[in-house]
Trainee: 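Quick one: the structure is below, questions incoming.
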There are 2 protein chains.
Amino acid sequence: MNTLATELNSQLEGTIAYRLLSNLGKRLYFPKGIIAQSGEAKKFAHKANATIGMAYDGGRPLILSTIAEGMPTLSAVEAVTYAPTAGVDTARQAWKDGIIKKNPSLAGASISLPVVVPGLTAGISYIADLFLDEGDEILVSDPCWDNYSLIFADRRGATVIETAFFKDGPGLDLEGIQKAVEKQAQKGSLRLILNFPNNPSGYSPTHAEAEALITMIKDIANAGTDVLVITDDAYFGLAYESDIYPESLFGRLAKLHEKVLAVKIDGPTKEDYVWGLRMGFVTFGSAGLNETHYDALIKKLMGTIRSSVSCSNTPAQYLMLKTINDSRSEEEKKRYKEILHKRYQIVKTLVQTHQHHPVLQALPFNSGYFMSFRCKGVSPETLRQTLLKDHGIGTIALGSQYLRIAFSSVEAEHISYVYETLFKVAEDLAQQR
Amino acid sequence: MNTLATELNSQLEGTIAYRLLSNLGKRLYFPKGIIAQSGEAKKFAHKANATIGMAYDGGRPLILSTIAEGMPTLSAVEAVTYAPTAGVDTARQAWKDGIIKKNPSLAGASISLPVVVPGLTAGISYIADLFLDEGDEILVSDPCWDNYSLIFADRRGATVIETAFFKDGPGLDLEGIQKAVEKQAQKGSLRLILNFPNNPSGYSPTHAEAEALITMIKDIANAGTDVLVITDDAYFGLAYESDIYPESLFGRLAKLHEKVLAVKIDGPTKEDYVWGLRMGFVTFGSAGLNETHYDALIKKLMGTIRSSVSCSNTPAQYLMLKTINDSRSEEEKKRYKEILHKRYQIVKTLVQTHQHHPVLQALPFNSGYFMSFRCKGVSPETLRQTLLKDHGIGTIALGSQYLRIAFSSVEAEHISYVYETLFKVAEDLAQQR
């Protein structure tokens, strides 16, 4: 093993983070190579900096006119130079300030500086690199985003344990979740990912449910089990009902217990409506970790970044900073959320008037971009194909049970047509069987 | 194993690509999940598309003013929507056209459509995912880019075999390379990465050397060995001498032999001076592969993309297309190359006047961003530290032997100071020992 990796491991020894590291995670480190030496040179090379693999002239990076004119609010440095492996410092600090502001329950917690990654998927994949070995198990909600299984199982060789998060009630099946969590805990450690607002169900926990989830995890830790809990906060902020727990669970989890390592994955892609800019953040929080531990963990994460994409897109980071500093953004985001909220309300009304539909049973939903139906007596794939080919309506079939509707991308005036067609086609198909 | 993975594997069976796949590579596939269904919906969902996890209004993606004004030459769709997993079709096709134009030797070869990845590092890392298992060996040049070992060894668990590419002659140590290649071949298969212009040596093969390398690989294949050869063409196009082989070796390798799988990793980051946009391309070429095989390989690669970053940055792809279509770009790129060429000539003269320097022996260099010295009687790290702390000159120490100078980022008028100081400090340090 590389001596730098050994060094980082010894800094983490005795902590929850060390106990949960995968073999790859143990192996990773941030080399003292080109990038680290280049960082040093940035500080001290006052005469000439011959470290950088970029081309400068007249003190400014060479830049094509098309690029300079294509991003006129950015300087050449902001547009085309390499970003540091862990991201632009000001962007990281601004995002951390935002996390603390949006999650008052973080008061009294110490969390790491967020690390920039190329999208939330990358954040999840990197955390899987660090903390999942072949044969390890990770608990996910059923239904869940279909990419979890590709990342955790196919890429990392771990086993994905799907747990029904919804039964027939109006919210989470807390009893079922508790059982699944306890079963995992008996194996020595618990790894789980919580995604609220959930993709594909569009559900976020109520205050009471959030408390129950937090207590559940605290009890597991109190009983001596190490817990890795990843909060996938992709759709953070899009809550449409007043009884929803308004923060990320990360806020409480980050200071819950020495045996709980919380990892927050979030970013501007949905929050700031910049999906294709591919920018996310990874933040660590645990009652069992101090600054030295966070530094070591961040260097591990930088090793995964350096060995996979080297660094994240630079202009995305500076553009995000500009959206944060632009006084118009908050108002625009409110307006956009209102657009989605209005669609949600139309969908909610349509679903309620069909709540005893023989074929389509809506999963609880109250937030985010999506809602999903459980299909009885018809395969979601058949339903999807028919809707698409015969009616020009695109939906997503998930596994053998679920159909997902992204109301985020359907104009308000089309929603009624979409749902009425959906209910009708589902009934027809079920009757033909 | 997932049935889609099994399907892709059976499409590749009997080919060089299949024989070289890693366990992860065998496991990977591109799911028929959200992304694939969303692609189908794009074609057929004429009434309403409720598949997409983006927020649309009035037929256009929601976009913050800061972003719209920050990238005014791009439409909202080009600026913020998700790109397809394998990249924007027009960008892929345009890059393929460019590869063929820049490499006339590709005539008669069939190559795959290039796949967009978030930077050249990502391309290398993804190919390692697909083709390197724990315990496999890969041959790299000594010296080589320091990230190879982090990617191949620490991330993938493979063994990196460093082979001296330079002895005392003016060019490549072809005899030494041949020996190393033959030794690898005896183990059943040969995996190697060729990086020209080389980072850190700044060397590209001459016509004769290129022919020798190609013959070497052909002989290995003729003798029955499967060969994976990755051409890392990061610095393509920056040749400063007339005897340099002007193409990528990929052109010839892509049609060389059924037992040779060539993979080209390139992109606009250096060629178009947009380092921080993080955009690269992966292209497959082999005399042993047809369109069906390329499709299967691309789907495998899409599985690695989907499970790691989901997709690449969108605006980078559209901005690259604009640079290709902008009539000013060619002229500007010529001018920028001329700037680097001029620096190269100053460096060359300085190095020639010190060619019998007792401490610093320049490796052959004729292209790219860099040149490197082999240090005798002084540790490159000590030399680097002294140059940085006492003289404000930033350089890169690589391992126990090499010091790299990026003349790409030093203004012409500072080069002489940098090199004179360098020679002086190295001599002083060697004498103090």
Side-chain angles (χ1 to χ4, degrees), chain A residues 27 33-34 37 41 44-52 54-57 62 64-66 70 73 80-82 118-119 121-122 125 146 150-151 154-155 273-276 278 307-310 313-314 319 322-323 326 328-329 332 336 339 388 392-396 405-406 408-410 414 418, chain B residues 27 33-34 37 41 44-52 54-57 62 64-66 70 73 80-82 118-119 121-122 125 146 150-151 154-155 273-276 278 307-310 313-314 319 322-323 326 328-329 332 336 339 388 392-396 405-406 408-410 414 418:
Chain A
R27 226 153 51 213
I34 294 172
Q37 296 179 30
F44 299 107
H46 305 299
K47 287 277 182 185
N49 191 350
T51 65
I52 325 173
M54 293 186 287
Y56 277 76
D57 191 50
L62 297 178
L64 297 180
S65 300
T66 320
T73 62
V80 299
T81 61
Y82 289 119
T121 306
S125 190
D146 66 345
L150 194 69
I151 297 170
D154 299 294
R155 171 170 276 275
Y273 304 93
V274 291
W275 313 274
R278 311 310 303 135
S307 63
S308 63
V309 295
S310 199
N313 182 283
T314 308
L319 286 167
K322 289 200 191 290
T323 67
D326 193 315
R328 294 168 298 178
S329 297
E332 288 176 358
Y336 294 169
I339 292 173
L388 186 56
I393 296 173
T395 57
I396 299 283
I405 321 285
S408 63
S409 54
V410 184
H414 297 143
V418 167
Chain B
R27 224 153 53 212
I34 294 172
Q37 296 179 30
F44 298 107
H46 306 298
K47 287 279 181 184
N49 191 349
T51 66
I52 325 173
M54 292 185 287
Y56 278 76
D57 190 51
L62 296 179
L64 297 180
S65 300
T66 320
T73 62
V80 299
T81 62
Y82 290 120
T121 306
S125 190
D146 67 343
L150 193 70
I151 296 171
D154 299 293
R155 170 170 277 274
Y273 304 92
V274 290
W275 312 274
R278 312 311 302 136
S307 63
S308 63
V309 296
S310 200
N313 182 283
T314 308
L319 287 168
K322 290 202 190 286
T323 67
D326 192 314
R328 295 167 297 178
S329 297
E332 288 176 358
Y336 293 169
I339 291 173
L388 185 57
I393 296 173
T395 57
I396 300 283
I405 321 284
S408 64
S409 54
V410 184
H414 297 143
V418 166

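First the proteins, then the strands, lettered A, B, ... as listed; each starts at 1.
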Trainee: Between A:Ser125, A:Ala41, A:Ser307, who has the most heavy-atom pairs with chain B when the cutoff is under 4.5 Å?
Mentor: A:Ser307
Trainee: Would you mind checking which part of A:Arg155 comes under 4.5 Å of any heavy atom in chain B, side chain (CB onward), backbone (N, CA, C, O), both or neither?
Mentor: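 The answer is both parts of A:Arg155.
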Trainee: Specify which of A:Thr323, A:Val410, A:Val418 makes the most heavy-atom pairs with chain B at under 4.5 Å.
Mentor: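 Heavy-atom pairs under 4.5 Å are most numerous for A:Thr323.
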Trainee: At a 4.5 Å cut-off on heavy atoms, which part of A:Thr81 comes close to chain B: side chain, backbone, both, or neither?
Mentor: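 Backbone of A:Thr81 only, per the 4.5 Å heavy-atom cut-off to chain B.
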Trainee: Can a donor-acceptor pair be found, under 3.5 Å and without considering hydrogens, that links the side chain of A:Ser409 to the backbone of B:Asn49?
Mentor: yes
Trainee: Answer with side chain, backbone, both or neither: which region of B:Leu64 has an atom nearer than 4.5 Å to a non-hydrogen atom of chain A?
Mentor: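 For B:Leu64, heavy atoms of backbone and side chain both lie under 4.5 Å from chain A.
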Trainee: Would you say the side-chain atoms of B:Thr51 and B:Gln37 include a donor-acceptor pair closer than 3.5 Å?
Mentor: no
Trainee: For A:Asp154, is there any backbone N or O sitting under 3.5 Å from a side-chain donor or acceptor partner on B:Arg27?
Mentor: yes
Trainee: For the candidates A:Asn313, A:Thr314, A:Thr73, which exhibits the highest count of non-hydrogen atom pairs separated by less than 4.5 Å from chain B?
Mentor: A:Asn313
Trainee: Between A:Phe44, A:Tyr273, A:Tyr82, which has the largest tally of heavy atom pairs under 4.5 Å with chain B?
Mentor: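 Heavy-atom pairs under 4.5 Å are most numerous for A:Tyr82.
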Trainee: What part of A:Ile52 is in contact with chain B, defined as an atom under 4.5 angstrom from a non-hydrogen atom: side chain, backbone, both or neither?
Mentor: both
Trainee: Select one option (side chain, backbone, both, neither) describing which atoms of A:Val274 are under 4.5 Å from chain B's heavy atoms.
Mentor: both
Trainee: Under a 4.5 Å heavy-atom cut-off, does chain A meet the side chain of B:Val309, its backbone, both or neither?
Mentor: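 Both parts, backbone and side chain.
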